[in-house]
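Report on one structure; see the data block that follows.
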Amino acid sequence: YSTTNGLPHNRVSAIAQAKNGTLWFGTGGGLAVREGTNFVTLPTLANSVIREILEASDGSMWFAMGPGGTSASRWKMENGRTNLVTYTYGDGLPGATILSMVEDQKGRIWFGTYASGVTCFDGTSFVTYTTADGLAQDRVHAVHIDRDGVMWIGTFVAGLSRFDPASMVHFTKADGMGSAYVSALAEDKDGGIWIGTMGGGASRWDGKRFTNYTTANGLPNNVVGALAADRSGAIWLGTVGGLVRWTPAPGQGQGIGGG
């Protein structure tokens with residue numbers, strides 16, 4: 001699929017499927033949804049470069065945009081009308097590019113940024129946490145809320161953090177991770193936290209220790225830029241050498257299957 005099918009741009013940077021089945025696509029030239037066999041471009045947002053898409057529990061869609069005027073927009077159909085609200089630096093959002101988004105159990109939206117740490121939006125105001133508040137690094141590539149409501153933060157070169165404003169725990173390669181350069185986070189059905197890294201393969205934290213998966217275990221490449229857990233319990237790993245499906249192997253605890 002390309003611009004000939006209705007995509008606003010051929011560089012697709014974000015994909016999300018809403019609970020109602022709608023497929024959303026963020027591109028380098030705007031936002032689109034899939035209708036039938038074609039794509040429909042939605043009205044122009046504050047920035048045409050869409051980096052992340054998130055569906056919140058209230059049914060609203062969040063779009064992170066940038067660089068070139070970083071902003072985030074909240075879109076929702078209310079009373080038969082489209083309600084679009086855009087937040088920028090003037091509203092309290094950091095000026096750094098948003099790299100990741102997640103919603104916590106209280107309905108707050110968290111933003112991981114390129115150089116301004118993590119920012120929390122409670123529906124009214126923004127609060128930002130940086131290294132001054134205990135973060136390992138202000139360049140946050142990935143954020144994840146686990147089943148217990150704990151936030152995990154993956155940074156550029158400072159590893160993984162278990163985030164709590166009152167008490168933060170940091171993990172690096174010295175603690176057993178494959179690499180301190182974190183690119184993606186996900187959680188499996190047993191509560192294990194998966195960490196995709198740029199050069200160290202993937203690591204899994206079971207609450208006590210890390211288990212690392214690299215080309216030696218069947219990965220096609222040690223650069224893992226994307227992770228996702230499906231409904232069957234499998235973990236999908238996107239690498240620069242191909243796609244991998246991980247499933248617990250009976251009698252072995254784990255198994256890697258290539259795609």
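Keep in mind that this is a model prediction, so the values were computed, not measured. Residues: numbered from 1 along the sequence shown. Only this structure's heavy atoms are used, side chains among them; waters, hydrogens and symmetry mates stay out.
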Partners passing side chain to side chain donor-acceptor pair (under 3.5 Å) against Tyr89 (at least two apart in sequence or in another chain): none

For Asp146, side chain to side chain donor-acceptor pair (under 3.5 Å) partners two or more places apart: Trp152

Ring centre gap for Trp110 and Phe126 strictly below 6.0 Å: no

Pairing residues for Ser100 by the side chain to side chain donor-acceptor pair (under 3.5 Å) criterion, not counting sequence neighbours: none

Aromatic ring proximity Phe111/Phe121, centre distance under 6.0 Å: no

By side chain to side chain donor-acceptor pair (under 3.5 Å) - contacts of Thr128 (at least two apart): Thr119

Nearest-0.5 Å distance, CE of residue Met101 to CD1 of residue Ile109: 8.0 Å

Chi angles and distances behind the salt bridge (charged side-chain N to carboxylate O under 4.0 Å, His left out) call for Glu55, Lys19: CA-CA 8 Å; Glu55 182 183 22; Lys19 295 181 181 68; 3.8 Å; yes

Aromatic ring proximity, centroids under 6.0 angstrom, Trp62 and Trp24: no

Pairs involving residues 199-210, ordered by first then second residue, that meet side-chain hydrogen bond (donor to acceptor under 3.5 Å, both in side chains) (sequence neighbours left out): Asp188-Arg204, Ser203-Asn212

Joint hydrophobic cluster, Met65 plus Val85, side-chain heavy atoms closer than 4.5 Å: no

Linked hydrophobic residues, Val49 as query - side chain contacts closer than 4.5 Å: none

